[in-house]
Amino acid sequence: MTGTLGIDGRSRSLGAWRAVSVDAAVWRTAVQTLAAGELQLIGLWAEPGVVRMALGDGVGEAAVLELACPDGCFPSVGAAHAPAIRLERALCELYGLTAEGAADVRPWLDHGRWAVSHPLGAAEPSERRTTYPFLPAEGESLHQIAVGPVHAGIIEPGHFRFTVNGETVVRLEARLGYVHRGLEGLMAGADLDRAARLAGRASGDSTVAYALAFARAAEAALGLEAPLRAAWLRALMAELERLANHLGDIGAICNDAAFALMLAHCAVLRENVLRTAHAVFGHRLMMDQVVPGGVASDLDGPGEQLVRELTATVRERLPALTELYDDTASLQDRTVGTGVVAPELARRFAAGGYVGRACGRAFDARRAFPYAPYDRLNFRVPTRAEGDVNARVWVRIDEVGESLSLIEQILHGLPDGPVRAEPPAGAGEGAALVEGFRGDVLAWVRLREGRVERCHLRDPSWFQWPLLEACIEGNIVADFPLCNKSFNCSYAGCDL
Amino acid sequence: MTARRFILEGLLRGPLTEPAPRADETEVRRLAARLDAAAQRRLGRSLAIREVDAGSCNGCELEINALANAFYDLERFGLRVVASPRHADVLLVTGPVTLNMREALVRTWVATPGPKWVVSAGACALDGGMFAGGYACERGVGEVLPVDAHIPGCPPTPAALLAGLIALVETNAGR
């Protein structure tokens, strides 16, 4: 792929991918290639004096470009390629870099509340600032509705600014960053154990996916391979996490269309998954169970039996619930044709997970960048064409079926052996892409003497939030909760 | 048709709801000491809860949401989650309190009519947890609001949340 960009040889390994140092001219070529849709953006991040982007062809090739910017300036990616805009705003304000030519230079994570600006760069004293200019929408009879950061439900905080004409949404702009905890800063200098625990708290609903992405990146950096049994157990946890979240989402989406019956039944199944996880791995969400070098707990005979009983229960209940969803006209009336994402937009934003798959983008990190044991397992990547709320529900229903099958295959083929290899206190740089329940999670890490020097984690929602804003246009305000739940983007994962 | 079958099944099958966990005695006593008699008389055995995420990883929210499922059935204890602080007796706060959420949290507390209580939930809410010490967070809810009770865990299990909240109701019931 580096050939596409006219880059010659000198590169270093990040595990499965290569990192290449480039100059500004190649960087600009890469941006043009992204803008032309020939490559897709996987990540964009920085450290003082260096900016990096991960690019992929959407199938199975990827590379990281690295541009030194000793004067703090680099050619903007977002100026030509919109999916990069918020990542770029975030890295510029955290590290004090300047994206030359950027159209949108409003702060993103920095709400003017910290004691310092550019906290991970020069960390100069900051002035308190509370105003934020939202993007304008002009026309007759328009008014605005401001929602959040504290919402009516038990959800994460964020602000939504709707501009509406009567009932119809003309523009929605999200303002996030409320749960910015400074994760990248806390990562720097952390030992491997603490860093893995921090990664597992980037977004609690994806704790397995994040811990796995971090562990695989760290292992790539150290040239360490987790034992085979550990890789299979990681996949078991990852599929249990996907199962729990999808079941919860299917119920919650229907509940936002006032169909509480579905939530009641799906919530029981979700609880069954979490109780099984607790009985088998000692934690309901399986937090801190995936660690660099392997997993923290093994699966014993009784545990295996519990997981088998769980899949049998979900298999028994799922057909009736699917029928209930499909057979309830008043529910279908709300979900079909609502919140349509254009396939072209999903492709341009390289939207992962059910958001991309519901409009035909079949990308799945388990398939595009196969990691053990998925290279040995059979699964489909279900897609739909319509891109509406209904399609996002159906992708989840189909993925529940795939996860059940994967769990059964894992139990059947689980190899014997150790479940953890002690990571050496080495140095190196690694990257990994892992398929979480809502899409691909990127982890990049550089280690030195057994500690994290720098780490970047990229949530799938970075490329999904903007599509939520786009798909609500022309819908009525009352359908926003439904659209929002069908995306179920992570706030914590993006705010970090 | 399918919906009708589900409702019928629900009527015929036994409930999944489990017996309540016991509230921790020390926690009940500690809370009782903080509540004045007048407040107890006014509220009776029912509490309205407003949840505020002040920087959680969303793990706590998942478990608080689980309280509504058929196994825990929060509302049988007179505990309701309400949509506005104006309707709330209790703020249930998670997260270390990010500086970006601090003002929203304080404004939510101000909007809650008295008498009111603050319950912090989860390791971050106690003292900032793993996020303490950075440029972006306070060291827990207690730095910002007067906290009446804390529910530990990372995240607290639904059973732990239930026990903590029941302690609050029992204290409230006029001991």
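Note that the structure is predicted; figures quoted are calculated from it, not measured.
- Across all non-hydrogen atoms, the minimal contact from B:Ala70 to A:Val268 is CB-CG2, 3.8 Å.
- Options A:Thr207, A:Leu321, A:Leu120, A:Asn245 differ in how many heavy-atom pairs under 4.5 Å they form with chain B, and the most are formed by A:Leu321.
- Side-chain atoms of B:Asp53 and A:Tyr178, non-hydrogen and from C-beta on, never get closer than 4.5 Å to each other.
- Using a 4.5 Å cut-off between heavy atoms, A:Val116 touches chain B through its side chain atoms alone.
- Open room surrounds CZ on B:Arg80; 12 or fewer heavy atoms of other groups in view lie less than 6.0 Å from it.
- Only the side chain of A:Leu186 comes within less than 4.5 Å of a heavy atom of chain B; its backbone N, CA, C and O stay farther away.
- Heavy-atom contacts from other residues, nucleotides or ligands closer than 6.0 Å to CZ of A:Arg129 number more than 12.
- Of the inter-residue distances, the one linking A:His151 atom NE2 with B:Ser84 atom OG reads 14.0 Å to the nearest 0.5 angstrom.
- Contact of B:Ser56 with chain A is made through the backbone alone, with heavy-atom distances under 4.5 Å.
- Contact of A:Ala320 with chain B is made through backbone and side chain together, with heavy-atom distances under 4.5 Å.
- For the pair B:Thr2 and A:Thr328, the minimum side-chain heavy-atom distance is 4.5 Å or more.
- Among all heavy-atom pairs drawn from A:His180 and B:Thr98, the shortest one is O-CG2, 3.4 Å.
- A:Arg194 touches chain B through backbone and side chain together, each having a heavy atom under 4.5 Å away.
- Heavy atoms of other residues, nucleotides or ligands lying less than 6.0 angstrom from CZ of A:Arg175 number more than 12.
- Taking the charged nitrogens against the carboxylate oxygens, B:Glu63 and A:Arg270 have no contact shorter than 4.0 Å, which rules out a salt bridge.
- The SG atom of B:Cys57 lies 15.0 Å from the OH atom of A:Tyr491; values are rounded to the nearest 0.5 Å.
- The contact between A:Arg181 and chain B is made by backbone and side chain atoms together, counting heavy-atom distances below 4.5 Å.
- With a 4.5 angstrom heavy-atom cutoff, B:Ala123 does not touch chain A via any of its atoms.
- A distance-only check finds a donor-acceptor pair linking the side chain of B:Arg50 to the backbone of A:Ala152 [under 3.5 Å].
- Just one residue in the list B:Met101, B:Arg107, B:Glu103 forms a side chain to side chain contact (heavy atoms under 4.5 Å, CB included) with A:Pro149, and that residue is B:Met101.
- With a threshold of 4.5 angstrom between heavy atoms, A:Leu261 approaches chain B through side-chain atoms but not through N, CA, C or O.
- Between the SG atom of B:Cys154 and the CG atom of A:Asp288 there is a distance of 7.0 Å, given to the nearest 0.5 Å.
- Using a 30° and 60° split on the angle between ring planes, B:Tyr135 and A:Trp114 fall in the perpendicular class, above 60°.
- Note that CG of A:Leu198 and CZ of B:Phe131 are 5.5 Å apart. Values are rounded to the nearest 0.5 Å.
- With a 4.5 angstrom heavy-atom cutoff, A:Leu183 touches chain B only via side-chain atoms.
- Between the side chain of A:Asp205 and the main chain of B:Gly59, no donor-acceptor pair closer than 3.5 Å is present.
- A:Ser490 contributes atom OG, which lies 5.5 Å from atom CG of B:Asn58 (distance to the nearest 0.5 angstrom).
- The only option from A:Ile154, A:Ile155, A:Val150 that meets the side chain to side chain contact (heavy atoms under 4.5 Å, CB included) definition with B:Glu51 turns out to be A:Ile154.
- Atoms CG and OG1, from A:Leu274 and B:Thr157 in turn, are 11.5 Å apart once rounded to the nearest 0.5 Å.
- No part of B:Val97 comes within reach of chain A, as not one of its non-hydrogen atoms sits under 4.5 angstrom from that chain.
- If you measure heavy-atom distances from B:Glu138 to chain A, you find no contacts under 4.5 Å at all.
- Heavy atoms of B:Pro155 lying under 4.5 Å from chain A belong to its backbone as well as its side chain.
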Problem set entry | From CA spacing to verdict: side-chain contact (heavy atoms from CB on, under 4.5 Å), A:Leu285, B:Leu62 | CA-CA 9 Å; A:Leu285 305 178; B:Leu62 293 176; 4.1 Å; yes
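- Using a 4.5 Å heavy-atom cutoff, the side chains of A:Glu271 and B:Tyr72 are in contact.
- Of the atoms belonging to A:Arg197, heavy atoms from both backbone and side chain fall under 4.5 Å from chain B.
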